[in-house]
Amino acid sequence: MLKKHIEFMQEALKEAEKAFSEDEVPIGAVVVYKGKIISRGHNQVELLKDPTAHAEMLALTAACNYLNAKWLSEASLYVTIEPCSMCAGALVLSRIKNLYFGTADPKAGACGSVINIINNKKLNHRIKVKSGILEAQCSSLLKEFFKKKRK
């Protein structure tokens, strides 16, 4: 199964690279349903002038459209960085089954780093979470982007 996790995270990384090339924060996501990628997303905040246009949000919306459903209870999200509070809330509301992310986000992560929305016992849904998949690659892309920005 680890091989599949790596393959899907590599696809999320391809999305992050698209964001990088578009001068967006390089975060990418894919939604997997029954072993198949059904949607993709990468940050488009700058392009769309929309603070909600995160990779996860775009991938979730596309997955719901693909399945013609409001819930993704048999789907998994692969994303290159730990989701923020907005995206974590959307994951709970979508009832997604699994979350796999590459690197933690010590500044805005809402899946355990800063806060933990994903498995808050007061909420009505729990998500299985696994982190650290291709962590070095996910982290280095972000570091490269912000290093370039500071120049």
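For clarity, every value in this text was computed on a predicted model and none was experimentally measured.
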Practice item. Could I get the full list of side-chain hydrogen bond (donor to acceptor under 3.5 Å, both in side chains) partners for S131, not counting sequence neighbours? Key: none
Review point. Got a sec, which pairs hit ring pair (Phe, Tyr, Trp, His ring centres under 6.0 Å) with one end in residues 104-131, sequence neighbours left out?
Key: none
Review point. In the hydrophobic clustering (ILVMFWY, side-chain contacts below 4.5 Å, transitive), which residues join L93, or is it alone?
Key: none
Review point. Roughly how far apart are K130 NZ and N98 CG, rounded to 0.5 Å?
Key: 11.5 Å
Review point. With no hydrogens and no angle check, is any side-chain donor or acceptor of S76 less than 3.5 Å from a backbone partner on V32?
Key: no
Check your understanding: Is a donor on one side and an acceptor on the other found under 3.5 Å between the side chain of N119 and the backbone of I127?
Key -> yes
Revision key, fill the gap. Correct closest heavy-atom pair for L134 and I6 would be CD1-O, 3.8 Å
Exercise for review: Kindly indicate whether the side chain of L142, heavy atoms from C-beta on, has any atom under 4.5 Å from the side chain of V25.
Suggested key: yes
Study note, to complete from the structure: Hits for salt bridge (charged side-chain N to carboxylate O under 4.0 Å, His left out) against E7, two or more places apart or cross-chain, chain-then-number order -> K4
Exercise for review: For residues 41-63, pull every pair meeting salt bridge (charged side-chain N to carboxylate O under 4.0 Å, His left out), keeping only residues two or more places apart or in separate chains.
Suggested key: none
Revision key, fill the gap. Distance col, row Y100:OH vs K128:NZ, nearest 0.5 angstrom, shows 8.0 Å
Revision key, fill the gap. Joining Ile, Leu, Val, Met, Phe, Trp and Tyr whenever any side-chain heavy atoms lie under 4.5 Å apart, the cluster holding L58 also takes in none
Practice item. Quick one: pull up CG in N120 and CZ in R126 and give me the separation to the nearest 0.5 Å. Key: 7.5 Å
Point to revise | Rounded distance [0.5 Å steps], CG in L91 versus SG in C111 | key: 7.0 Å
**Study point:** Interatomic spacing from CD1 in I27 to NZ in K18 - rounded to 0.5 Å
**Key:** 15.5 Å
Review point. Rounded to the nearest 0.5 Å, how far does CG of N116 lie from OG of S85?
Key: 12.0 Å
Point to revise | Same cluster (ILVMFWY, side-chain, under 4.5 Å), V114 and V129 | key: yes
**Study point:** N/O donor-acceptor pair under 3.5 Å between N43 side chain and P26 backbone
**Key:** no
Review point. Does I37 belong to the same Ile/Leu/Val/Met/Phe/Trp/Tyr cluster as L77, with side-chain heavy atoms less than 4.5 Å apart forming each link?
Key: yes
Review point. For D105, what residues pass the side chain to side chain contact (heavy atoms under 4.5 Å, CB included) criterion, not counting sequence neighbours?
Key: I81, E82, K107, A108
Check your understanding: Which pairs with one or both residues in residues 25-47 pass ring pair (Phe, Tyr, Trp, His ring centres under 6.0 Å), sequence neighbours excluded?
Key -> none
Review point. Any idea which heavy atoms bring V45 and H54 closest together, and the distance?
Key: CG2-CD2, 3.8 Å
Review point. Taking only residues two or more places apart in sequence, or in another chain, which ones meet K149 in a side chain to side chain contact (heavy atoms under 4.5 Å, CB included)?
Key: D23, F145
Exercise for review: Tell me, please, which residues at least two apart from R40 pass salt bridge (charged side-chain N to carboxylate O under 4.0 Å, His left out).
Suggested key: E11, E15
Study note, to complete from the structure: Heavy-atom nearest pair, T103 first then S139, reads OG1-CB, 3.8 Å
Practice item. Report the hydrophobic cluster partners of L47, with the cluster defined as I, L, V, M, F, W, Y residues connected by side-chain heavy atoms closer than 4.5 angstrom, directly or transitively. Key: L48
Check your understanding: Donor-acceptor pair, S140 side chain versus A136 backbone, under 3.5 Å?
Key -> yes
Please tabulate, one pair per line, all N/O donor-acceptor pairs under 3.5 Å involving side-chain atoms of residues 59-74, not counting sequence neighbours.
| residue | atom | partner | partner atom | Å |
| --- | --- | --- | --- | --- |
| T61 | OG1 | M57 | O | 3.0 |
| N65 | ND2 | T61 | O | 3.3 |
| Y66 | OH | K36 | NZ | 2.9 |

